[in-house]
Every structure is written in C-alpha cells, then in structure tokens.
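Below is one structure, written out as structure tokens; comments come after it.
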Amino acid sequence: MGSSAGRAAGKVWLVGAGPGDPGLLTLKGARALAQCDTLVYDYLASPAIVSLAPPDCEKIYVGKKAGQHTLTQDQITALIVQLGRDGKKVVRLKGGDVFVFARGGEEAHALAQAGVPFEIVPGITSAIAAPAYAGIPVTHRDHNTSFTIATGHEDPTKGYSSLDFAKLANRKATTIFLMAMGNLAGIVAKLRENGLEGDTPVGIVHEGTKPTQEVLTATIDTVIDEVARTGITAPAIVVIGDVVRERERIRWFDAQPLFGKRVLVTRPAHQADDFATRLWEAGAEPILAPTIAIGPPRDPAPARDAAACVREYDWVVFTSRNGVDAFFDALGELGRDARAFGDVRIAAIGPKTAEALAMRGIRVDLIPPEFVNEAVATELLARTVPGDRILIYRAQEAREVLPETLRENGRVADVVAAYATRFVDDPDLAEKTERADIVTFTSSSTVAGFVHNVPHASALLASKTVAAIGPITAKTARDAGFRVGVVADEFTVDGLMRALATAAVA
Ligand code: SAH
C-alpha cells in the first residue's frame with residue numbers, strides 16, 4: 001500500500017447513529033465521533049449526537065429526506081472517498097444501522113475500491129428499536145419465530161415488486177416495513193390478496209424512540225382509515241403480525257409522565273448534560289438554553305491565595321461543583337494537588353458538589369440534610385467552636401446567610417469569590433421558550449439570566465409550567481413575577497425530575 005503523496009492516511013468510519021434517542025448511540029460510535037475532523041451526516045441524525053463531534057470538526061449536512069436530496073448518493077459516496085483520500089478522519093453518520101436500507105454497502109465498497117481505510121460501526125436499527133419503544137417485541141414465543149425487515153419503497157401494485165407477498169402474508173411471521181407510508185394502501189391490498197386475515201394487528205410507529213413518537217395500532221381491515229383519521233406520517237415503521245398485540249401489555253416509553261414534554265434547560269452548558277440525559281430517558285425533549293455561564297471572578301488573586309493557604313483553616317466549604325473546579329484549577333496553577341488540604345475538614349452543600357470532590361479523591365466530612373446554605377450553617381455550628389476558622393469557597397454573587405450566621409456565632413468565616421456567573425446573550429431564548437412546555441430554573445442566577453434576555457419574561461411564561469430546583473430559586477422566580485408550578489423537595493436534578501414527574505401525573 002503506497003501512500004504516494006506522503007500524506008497522513010485518512011480513514012472513514014461508517015457509524016450508525018441509532019434511531020433517534022441519543023442514548024442509543026453505541027460507545028464505539030461515540031468514540032469515533034469524538035475524534036473525527038469531518039462529519040458527514042443526514043437528516044435522521046439527532047442534533048445531540050452531531051454535537052458529540054469536536055467543536056472544530058467540519059460538519060457537512062448531506063440531506064436525504066424523501067424528495068429533498070441535498071446531494072445525490074453518488075455525490076455523497078464520492079465526497080467521503082475524497083475526504084478519506086485527503087487524509088481526513090471522517091465519520092459518515094447514518095440514522096439507525098449503516099447497512100439496513102442505508103446504502104452503507106455501496107459507500108464501503110467505494111472506499112474499499114479506492115483503498116481508503118474504513119471501519120463499520122453498526123447502529124441500532126429503527127426496524128427493531130421503534131417497535132421496542134412502542135412496546136412491540138419483534139419476536140415473542142407466543143406469536144412468532146421469525147421476522148422480516150422489508151422496504152415499502154416499491155409500490156407493489158405498479159408492476160414488479162421483489163417482495164414475496166405470499167410469504168409475508170403470515171400473521172405468525174412478523175413483517176417490519178420501513179419507508180412504507182407512501183405505499184401503505186398497496187401493501188395492505190397485496191397482503192390481503194395473498195390471504196392475510198383482516199383482523200391481523202398492525203402497528204405504526206412514527207419517530208420511534210423520540211419525544212415526538214406516535215403509535216397507531218389497528219388491523220389490516222382498519223389501518224388505512226385509521227391512518228387517514230389520525231394523520232400519522234413518515235418516518236415510520238410498520239409492524240404487521242400478532243406481536244403488535246403485546247403493546248397493550250408492555251407499553252412503556254410513551255406512558256411515562258414526562259413523555260413528549262419539551263423542557264427548557266437554563267443551567268450553564270457544562271452542567272446541562274446530566275439533566276438533558278435524564279430528560280431523554282423520561283421521553284422528554286430537552287431544549288438547551290443556558291442563560292448563564294461560569295467564568296473567573298473579577299479578581300482571581302484571593303481565590304488563589306486562599307487555595308495556597310487552605311491548611312490554615314479548620315473547615316473549607318464548597319457550595320457548588322464550580323467552586324471545586326476553581327479550587328483545583330488554582331491548586332494546579334500553584335503546582336500543587338489535593339495534598340494541600342492536609343487534615344482540613346471539608347463540607348459540600350449537596351451530593352453533586354461532594355461527587356465533584358470525590359472525583360478528585362476527596363471524601364467530604366459533611367453534607368447537610370437539606371442542600372441549602374442555612375443547613376450548612378447549622379451543621380457547621382454543631383461541629384465547630386467559637387474561634388474556628390472556616391473558608392467559604394463560592395460564587396462572586398451569593399447570599400450572605402452562611403458567613404453571617406457563622407460570624408454571629410463567633411466563628412471566623414472568610415469568603416472567597418472563586419468564580420463568577422455571567423449572563424449569556426441568547427437572541428433565540430424567547431423563541432425557544434415558546435416551544436417549551438416546561439421551563440426549569442436550577443439556581444437564582446439562571447432566573448436573572450433569563451430576565452436579562454427576555455424583558456417580558458413573566459408574560460411569556462404565563463402559559464408554561466415553571467419549575468424551580470428549590471425554595472430559594474422559586475422565590476427569586478416569584479419575585480421576577482413568574483408563577484412557579486413545581487418546586488423540587490430535594491435540591492438536585494434528580495429531585496427536580498421527580499417533582500416534574502409527580503406534577504405531570506397530578
Ligand atoms: N438505516 C436506517 C433506515 C434508513 S431508511 C435504520 O436502520 O433505521 C429510512 C426509514 O427508516 C424511514 O423511512 C423510516 O421507515 C425508518 N425510520 C428511521 N428512523 C425512524 C424512527 N425513529 N422511527 C420510525 N421509523 C424510522
């Protein structure tokens with residue numbers, strides 16, 4: 001193999017993105033995405049997956065929605081071959097699996113012929129996943145011993161069809177059609193002609209695994225009328241056979257309380273992932289709209305100095321993950337590490353802050369029962385005596401209740417601004433909010449950042465469910481004129497998820 005031009009060899013990964021839920025991308029696919037320098041993707045790829053590519057990666061959209069091809073298949077194939085020859089690390093991302101009605105075979109063949117190295121990363125095909133998310137198992141001992149995945153792209157009533165309808169007309173051998181919505185009447189007619197009973201169950205799953213999933217169950221006799229009545233459209237999977245009846249018993253994804261809800265997430269981008277993942281899992285659609293971002297404080301010297309002499313304190317208190325990050329950044333700049341703490345005791349305001357410390361090898365001595373400053377103060381007073389020295393490593397803008405309570409009780413409390421929150425300017429925030437059903441605030445500053453962007457915030461939010469992570473944030477939101485419908489009673493993302501789910505059921 002001669003790389004005659006002397007260039008670094010390129011490589012192409014043909015990656016299946018899965019059917020829509022970003023959690024269904026494989027680990028191998030995620031690794032390929034994280035290291036690529038060019039991404040070639042089409043319309044079935046979820047934005048959450050596209051965003052896993054590095055920020056400086058070139059992203060090329062090649063379309064391919066029925067009727068609106070941006071590039072032809074030949075052009076796409078030529079493009080990835082050329083990018084590979086140019087020495088690029090290319091991810092060619094396809095919805096579902098790369099080889100299930102996705103022309104991955106042709107692309108791989110062209111790469112092989114051109115001598116461009118490639119790897120195939122299979123994906124979870126919508127043919128199986130969309131039924132699964134509808135509560136339809138593709139095989140079940142009570143119903144079938146085989147299934148066929150077929151294309152419904154050819155109109156069987158117009159001349160030649162390569163499908164063997166005599167074989168497919170069997171309710172005990174499931175047929176799963178992709179791309180069948182345009183020809184559904186012809187397919188149903190053909191199955192009937194071949195003897196399929198009119199009461200055979202049919203399931204149609206539109207946008208399976210996504211918060212926009214819609215499911216229609218009918219029979220061969222009723223399905224055409226039902227499609228017309230409900231208006232269900234492509235992209236959809238059509239499942240024909242007795243397995244469809246299982247949905248009555250094992251429907252799950254679209255039965256969750258938050259299913260289909262669009263939830264605005266205003267917390268800083270670097271903290272939004274956890275929450276977004278939790279929302280996807282609940283069948284909800286996160287709309288990411290960070291209203292604040294975390295940056296250095298106005299004067300970074302005190303935070304650095306305090307980190308340098310942390311051993312002079314009896315306790316150090318961290319009131320957020322950002323404070324922990326800032327502390328270790330400061331230590332790093334000083335060329336030091338976690339040993340700087342010596343035997344200083346360490347308090348975290350809540351489990352997430354404690355987890356950030358645990359990741360640095362630090363086991364905290366105190367997490368209060370309620371994750372607010374008042375509770376930190378109470379617990380610290382119980383564990384210290386007057387004269388004890390306490391370092392509070394926190395945001396530039398924060399409530400004074402913790403240091404004040406400590407000082408009133410004779411403790412020495414030093415407050416250090418370790419980081420500052422600044423407002424993010426988002427010209428699309430009002431429009432994103434309009435799309436949302438639920439608007440979440442996970443700190444008072446996210447409320448302030450929201451109002452900063454949307455002057456008529458309270459009017460805009462009047463028809464939305466406003467959810468706050470705890471009573472302090474709720475109060476800030478109410479002071480801004482918002483009607484707060486949901487307040488978590490554990491002040492974490494988990495607590496907020498539980499409160500949202502409970503409210504949705506009520
Ligand atoms: N390679 C893909 C299929 C591409 S063909 C896969 O393995 O899933 C495009 C067809 O796939 C659509 O017309 C539709 O029938 C089906 N499809 C893809 N994603 C879907 C989804 N989330 N829900 C329902 N059908 C889907």
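Atoms within each ligand, like the ligands themselves, are counted from 1 in listed order. What's counted below: heavy atoms across the whole structure, side chains too, no hydrogens, waters or symmetry copies. The chain is numbered in sequence order, starting from 1.
- Checking side-chain atoms of Thr72 against main-chain N and O of Gln75 turns up a donor-acceptor pair under 3.5 Å.
- A pairwise comparison of heavy atoms in Asp42 and Gly95 identifies OD1-N, 4.0 Å as the closest pair.
- Considering backbone and side-chain atoms together, Gly20 places no N or O closer than 3.5 Å to any N or O of ligand 1.
- In this structure a side-chain-to-backbone donor-acceptor pair under 3.5 Å is present from Gln213 to Tyr133.
- Residue contacts with ligand 1: Asp97 is placed with a nitrogen or oxygen under 3.5 Å of a nitrogen or oxygen of the ligand (distance criterion only).
- Annotation: the span from Thr473 atom OG1 to Arg478 atom CZ amounts to 11.0 Å, rounded to 0.5 Å.
- Residue contacts with ligand 1: Thr209 is placed with no nitrogen or oxygen under 3.5 Å of a nitrogen or oxygen of the ligand (distance criterion only).
- Remark: ligand 1 atoms within the under-4.0 Å shell around heavy atoms of Phe101 are 4 (C), 5 (S).
- Counting heavy atoms closer than 4.0 Å to ligand 1, residue Ala236 contributes backbone atoms (N, CA, C, O) but none from C-beta onward.
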Test salt bridge (Lys or Arg N to Asp or Glu O under 4.0 Å) on Arg251 and Glu246 and set out the steps. CA-CA 8 Å; Arg251 176 179 178 180; Glu246 291 299 317; over 6 Å; no
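- In this pair, Phe371 and Phe491 present their aromatic rings perpendicular. The plane angle is above 60°, beyond the 30 to 60° band.
- When Pro131, Ser126, Gly208 are checked for heavy-atom proximity to atom 20 (C) of ligand 1, Ser126 turns out nearest.
- Looking only at heavy atoms of the protein, atom 13 (O) of ligand 1 is closest to Met179 CG, 3.2 Å.
- The shortest N/O to N/O separation between Ala130 and ligand 1 does not fall below 3.5 Å.
- Close contacts between ligand 1 and Ala102 involve ligand atoms 1 (N) [criterion: under 4.0 Å to a heavy atom].
- Remark: distances from the non-hydrogen atoms of Gly95 to ligand 1 include one below 4.0 Å.
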Decide yes or no on side chain to side chain contact (heavy atoms under 4.5 Å, CB included) for Leu79 and Ile60, but give the supporting numbers first. CA-CA 10 Å; Leu79 174 69; Ile60 305 175; 4.1 Å; yes
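- Close approach of ligand 1 to Val205 (heavy-atom distance below 4.0 Å) involves ligand atoms 24 (C).
- For ligand 1, the atoms sitting less than 4.0 Å from at least one non-hydrogen atom of Thr125 are 6 (C), 7 (O), 8 (O), numbered in the order shown with element in parentheses.
- Contacts between Glu207 and ligand 1 below 4.0 angstrom, taking non-hydrogen atoms only, involve the backbone exclusively.
- In summary, of the residues considered (Thr148, Leu163, Ile149), a side chain to side chain contact (heavy atoms under 4.5 Å, CB included) with Phe177 occurs for Leu163 alone.
- Under 4.0 angstrom from ligand 1, there are no non-hydrogen atoms of Val98.
- Close approach to Leu178 involves these atoms of ligand 1, each under 4.0 Å from a residue heavy atom: 3 (C), 11 (O), 15 (O).
- His452 and Asp425 form a side-chain donor-acceptor contact under 3.5 Å, judged by distance and modelled atom types alone.
- There is no side-chain donor-acceptor pair under 3.5 Å between Thr77 and Glu107.
- Scanning all protein heavy atoms for the shortest distance to atom 3 (C) of ligand 1 gives Val100 O, 3.5 Å.
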